Structure formats: structure tokens, C-alpha cells
Colleague: 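Once you've had a glance at the structure underneath, I'll fire off some questions.
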Amino acid sequence: MEPKPISSRRATAEEQGADSPAFESRVRTFKSTLQASSIDLQELKYLTNSGIPDRDGLRAIVWKILLGYLPPDQKNWDRILARKRNEYANFCKDLIIEPSHGSEELPTTDDHPLSQNTSSVWNAYFKDAEMHEQIERDVMRTHPDMHFFSGSDGAAVTHRKEMIRALFIFAKLNPGLTYIQGMNELLAPLYYTFRTDIDEDAAKHAEADAFYCFIDLISEFRDNFCQSLDNSQLGIKAMMGRLVDALQAADQELWLHINIKNKVNMQFYSFRWITLLLTQEFPFPDVVRLWDTLLSDSAGRTKCLLQLCVAMLCNIRSELLQGDFSQNLKMLQRYPPVDVNAILYKAQQLTLP
Amino acid sequence: MKMSHKPDDDYDYLFKVVLIGDSGVGKSNLLSRFTRNEFCLESKSTIGVEFATRSIQVDGKTIKAQIWDTAGQERYRAITSAYYRGAVGALLVYDITKTVTFENVERWLKELRDHADSNIVIMLVGNKSDLRHLRSVQTDDAQSFCEKEGLSFIETSALESTNVELAFQRILTEIYHIVSKKVLGESDGNGPKPGEGTKIVVSTENNEAAAKKSGCCG
């Protein structure tokens with residue numbers, strides 16, 4: 001990862017932007033759209049599609065609305081938030097198994113740590129422990145370059161603890177899916193955005209809020225994580241197939257070069273692009289910007305994601321056309337530093353079937 | 001950065017080697033240590049597959065190693081089975097401080113038997129040898145397991161850079177010797193019997209062939 005060039009370029013652009021009348025006017029437009037007692041969703045999506053100004057916690061509110069956590073009708077917000085946050089607290093209480101308590105309630109002779117009985121509380125506890133360990137290992141490795149996630153101070157430790165718990169609760173509530181590696185990467189932008197909200201009261205509840213928004217986000221993409229659907233029309237392989245078709249339609253020459261001449265299998269790079277919604281391909285501020293568009297796109301999130309993937313390929317087409325198999329693959333697995341606005345612009349120009 | 005003085009496509013042999021083993025045993029760090037001389041204490045978890053190359057010299061020949069690193073979690077196995085295609089070597093990695101990762105070695109061997117070429121050269125790698133005080137898998141146990149299974153064995157530390165170079169050197173040399181012996185055998189008119197196949201030589205499917213010189217692109 002070489003995040004420097006983009007991060008710094010973006011920062012400069014944003015700093016300049018922050019002083020500019022255009023930026024201020026965008027902030028005002030967002031605020032006035034959000035002030036309506038019943039927010040116009042179409043209007044909000046339209047505005048968000050070209051990026052949310054990094055100011056006054058706007059992104060936290062807008063994402064919560066776009067992910068269906070907050071309804072357009074503002075008068076219900078306090079009530080809904082209180083209910084959801086309370087519900088989440090109860091999940092935490094109910095779902096984190098403590099076997100010593102369990103065995104008090106269920107004093108069966110079969111319930112001891114060495115039991116082979118699969119319904120044993122201890123057995124469930126060990127299974128949970130294994131899953132918990134996997135989640136912990138991945139959360140520890142989330143954005144190792146960002147202090148927020150990987151620092152050693154109390155705040156960063158709390159952030160990791162909360163992310164681990166949210167993923168664990170999700171896995172417990174979704175036994176058909178459980179925890180799949182990479183889910184940590186999808187939770188991270190949500191959690192970060194809500195945790196750094198300037199509204200301190202909301203920031204305190206980032207864990208619960210991110211948990212519910214994560215559920216909404218993953219409901220659209222859960223099939224990609226589902227091994228039993230891999231070979232179906234719904235699974236990840238079908239998604240990658242759609243991407244090949246889209247590339248062929250958009251740029252026949254590039255498709256011929258990558259897929260036919262060099263035989264670079266889409267699986268080797270787009271698997272990660274798709275399942276992780278591009279979170280490992282760009283520096284964090286760029287990911288957040290891409291997500292503004294992804295979450296608000298009128299064509300739908302899946303289609304928008306495919307458009308962004310095709311745009312990523314087209315954006316470095318001349319480099320790709322010069323490369324052989326290993327040069328292509330290295331470049332696609334470590335996407336070169338670029339201005340994401342170029343990718344967003346290209347994606348917009350594409351019309352996918 | 002560049003380990004070889006020769007250009008990227010100038011090599012005598014191309015060998016595809018896969019890194020497999022449980023999540024968190026250090027596969028990605030072995031890869032980055034060998035190909036880029038880098039190590040991250042907390043590197044991102046690998047989703048899908050990652051790919052890197054490096055060329056080394058064996059007996060005056062340039063061997064380009066194409067190394068594939070895969071995700072450890074069960075869910076990703078089905079998807080990654082395509083990555084075994086054409087692989088002539090596998091580094092099966094476990095963590096010397098986590099017994100369960102050693103116990104799972106048998107499952108990984110089965111995975112290789114199911115998906116990889118039967119002639120694939122396998123080396124068992126006990127990684128994180130720097131964590132001496134946390135060791136839970138004894139060297140002797142791993143060693144005798146390998147003798148029983150007919151695997152090569154080495155302990156490494158990607159963090160301290162111990163034996164990483166040697167591990168790759170050894171497996172690539174072993175593959176090279178098998179390949180060059182087969183080539184010799186063939187010229188003696190004493191080649192493999194029908195059905196035995198010499199597939200191990202070539203990285204089929206996706207890309208540049210193992211015994212190169214196909215007038216490849218620039």
C-alpha cells in the first residue's frame with residue numbers, strides 16, 4: 001500500500017475545497033435537505049452521489065438514512081434510536097454465552113467441558129470461542145496503517161473491542177452465514193464514520209448504529225459471502241461473470257488483452273474488489289468517498305459496484321495493455337495510486353447492460 | 001526492491017508455488033518477506049488470493065517463482081481451488097505457538113490431494129519460530145510427522161527473517177531437481193511410463209508456461 005500520494009492530494013483538494021464558496025454552499029444544501037421534517041430521499045441520494053462534504057458529521061447522518069437505519073421522517077428518530085440501541089444492548093446480554101451460568105440453569109449430567117454432546121452449552125461455548133478468535137484476529141488486522149483502528153492507546157483498544165463485539169453478535173444472529181473473513185472491512189467505514197461523528201451522544205452509540213447499518217449493507221451483498229451459493233446465479237462467481245461481460249461490453253480490446261491473451265482469471269483480483277466493496281483497494285478517505293456514491297446510486301448498489309470495477313480497469317487500461325500476465329495481476333491486486341474522482345467519473349459514463 | 005538483475009520475463013523455469021494453512025499463521029508475511037523483504041506485524045487479512053514473483057538462481061539456471069497466497073478460512077477454499085491448478089510446490093504453513101494450526105495440517109494435505117497435481121512437492125513450514133516462549137508444537141513432533149508423510153520440513157520466522165529464504169530455496173531446488181531429472185530421463189529414452197505424466201513441469205492453465213520461451217509479450 002502506498003496511500004501517500006492520494007491521501008495528500010485529496011487532503012489538499014479538500015482543504016482548498018473547504019474554504020471555497022462552492023464547498024460552503026454544498027454544506028448548506030446538505031443541511032437544508034436534512035432539516036426538512038420529512039427528508040426528500042431522492043434529493044439526498046442525488047446530492048450524496050457526488051460526495052458528502054467532510055463537515056459537521058454530515059456523513060454519519062446521511063449514511064444512517066441511506067442504509068435505512070433512520071427513516072426520512074425526523075420526528076421518529078429519537079424513539080427509533082433509543083429502541084434499536086436498547087435492543088442491541090439486549091443482544092449483547094443474551095448472546096454472549098458464559099458457560100458457568102448456563103450450567104447453573106441446565107444442570108444436566110452431560111454438560112461439562114469435555115462433553116461430546118453437540119447441544120452442550122460448553123460445546124457452544126467452544127465453537128463461539130473459535131469464531132471469536134477469528135473475528136479478533138481480523139479486527140486486529142483492520143487498517144493497520146490507521147491509528148484509529150490499530151493504535152495501542154485506550155481509544156483504539158475500545159474501537160477494536162466494539163467492532164469485535166458487533167461482528168460477533170451479527171454472526172450469532174446469522175447462523176447460516178456466521179462470520180466470514182472480510183466482514184471486518186465492511187464494518188470499518190461505518191464504525192469509523194459514526195464513531196468520529198461530532199455529535200458526541202451519537203458517537204457513543206457507534207457500535208450499535210454501525211451494527212444495524214452493517215446488517216442493511218450486507219443484506220444486499222450477503223450472497224457473495226455465501227459458499228453454498230458460489231455456483232448459483234446469485235453467488236460471487238455469477239457476480240464476477242457479470243463483471244467480465246461488462247468489461248467486454250465497455251472495452252473489447254482491454255477484455256481481449258486481460259482475459260483472453262493474458263488469461264488473467266477475474267477471480268484472482270475481482271473476488272476481493274467485490275466481496276469487500278473496494279475497501280482494500282484504496283486509501284481510507286478514498287474508500288469513504290467511493291461509498292458515498294455506492295450507497296446513494298440510483299442504479300442500485302450492485303450495479304454501481306460493477307460500474308466502479310469496470311471503471312477501475314478502464315482507468316489503467318494503457319498500463320494493463322502493456323503488461324503480461326504477472327504484471328497485470330500485480331497491478332490489479334495492488335491498484336496503483338490514482339485520483340478516485342477519475343474512477344467515479346468513468347463509472348458514471350458507463351452504461352451497463 | 002528488485003531481487004533479480006535479469007528482466008522479469010527472462011528465466012529458464014517458471015514454478016508456481018502456493019502458500020496454504022490456517023488463518024493467521026503468517027502466510028502473507030512469508031510471501032512479502034521472500035518477494036519484497038517486508039514484514040508487517042499486523043498485515044491485512046488475505047481475501048481471495050495474492051500473487052508475487054521472485055527469481056532465484058539454482059545450478060546456474062534462473063528460476064522464476066510465482067507464489068500464490070490464499071485466504072485461510074474455510075469459506076474461501078471452494079473459490080481458491082482454482083489456484084492449485086498448475087502448482088508444482090506447496091508451502092503448508094502452521095504456527096508453532098498454536099497447536100490447532102498444526103492439527104489442521106492433515107486437512108490441508110487432503111485439500112491438496114483433492115485439488116492439486118499428485119506430484120506436487122510439499123514442504124511443511126512451522127512459522128513464528130521467534131516466539132520461543134510460546135511454542136506449543138515441538139520440532140520433533142513436526143519432524144516425525146513429516147517423515148511419516150514424506151514431506152520436507154523447516155521452521156521459519158518471517159519476523160526475524162530466519163530460514164524464509166532457505167525454505168523457498170529448498171522447495172524450488174527440489175522442484176528443479178525433479179524437473180531436470182525428468183528432462184534427462186526423457187532424453188535417455190527412459191522417460192515416464194504412459195499415464196504417469198510429467199505434468200509437474202508445467203504451470204498449465206493460467207499463464208506463461210513453465211519451460212518458457214514462448215515469445216511472450218513485453
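Here the structure is a predicted model, which is why all the values come from computation and not from measurement. So that the names make sense, note that chain A is the first sequence line, chain B the second, and so on, each numbered from 1.
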Colleague: So which part of A:Ser150 gets closer than 4.5 Å to some heavy atom of chain B, the side chain, the backbone, both or neither?
Modeller: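 Neither part, no heavy atoms under 4.5 Å.
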Colleague: Would a 4.5 Å heavy-atom cut-off, applied to side chains only, mark A:Gln134 and B:Ser23 as touching?
Modeller: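 Result yes, sub-4.5 Å side-chain heavy-atom pair found.
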Colleague: May I ask you to say whether A:Arg272 pairs ionically with B:Glu50, meaning some side-chain N is under 4.0 Å from a carboxylate O?
Modeller: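 Salt bridge present between A:Arg272 and B:Glu50.
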Colleague: How many angstroms lie between CD1 in A:Ile180 and CD1 in B:Ile47, if you round to the nearest 0.5 Å?
Modeller: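 Atom-to-atom, A:Ile180:CD1 and B:Ile47:CD1 are 9.5 Å apart.
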Colleague: Restricting to non-hydrogen atoms, name the atom on A:Arg137 and the atom on B:Gly24 that form the minimum distance, rounded to 0.1 Å.
Modeller: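 Closest approach of A:Arg137 to B:Gly24, heavy atoms only: CD-CA, 3.8 Å.
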Colleague: Under a 4.5 Å heavy-atom cut-off, does chain B meet the side chain of A:Gln181, its backbone, both or neither?
Modeller: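 Both parts, heavy atoms under 4.5 Å.
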Colleague: I'd like to check A:Leu329 versus B:Trp68 (side-chain heavy atoms, cut-off strictly below 4.5 Å). Are they in contact?
Modeller: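 Counting from C-beta outward, A:Leu329 and B:Trp68 do come under 4.5 Å.
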Colleague: Just how far is it from atom OG1 of B:Thr46 to atom CZ of A:Arg141, taken to the nearest 0.5 Å?
Modeller: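 Taking OG1 in B:Thr46 and CZ in A:Arg141, the distance rounds to 6.5 Å.
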Colleague: Relative to chain B, which segment of A:Tyr179 carries a heavy atom at a distance below 4.5 Å: side chain, backbone, both, or neither?
Modeller: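 Both backbone and side chain.
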Colleague: Quick one: pull up NZ in B:Lys44 and CG in A:Asn184 and give me the separation to the nearest 0.5 Å.
Modeller: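 Here the interatomic distance stands at 10.5 Å.
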Colleague: Heavy-atom cut-off 4.5 Å, strictly under: side chain, backbone, both or neither for B:Ser45 against chain A?
Modeller: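 Both parts, backbone and side chain.
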Colleague: Looking only at heavy atoms, what is the nearest atom pair of B:Lys64 and A:Ser326, with distance?
Modeller: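 Taking every non-hydrogen atom into account, NZ-OG, 3.5 Å.
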Colleague: Where on A:Leu276 is there a heavy atom nearer than 4.5 Å to chain B: the side chain, the backbone, both, or neither?
Modeller: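 For A:Leu276, the side chain is the part near chain B, not the backbone.
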Colleague: For B:Val49, is there any backbone N or O sitting under 3.5 Å from a side-chain donor or acceptor partner on A:Gln333?
Modeller: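 Checking the backbone N and O of B:Val49 against the side chain of A:Gln333, a donor-acceptor pair under 3.5 Å is found.
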Colleague: Give me the ring orientation class for A:Phe325 and B:Phe51: parallel if the planes are under 30° apart, tilted from 30 to 60°, perpendicular past 60°.
Modeller: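 The rings of A:Phe325 and B:Phe51 stand perpendicular, inter-plane angle above 60°.
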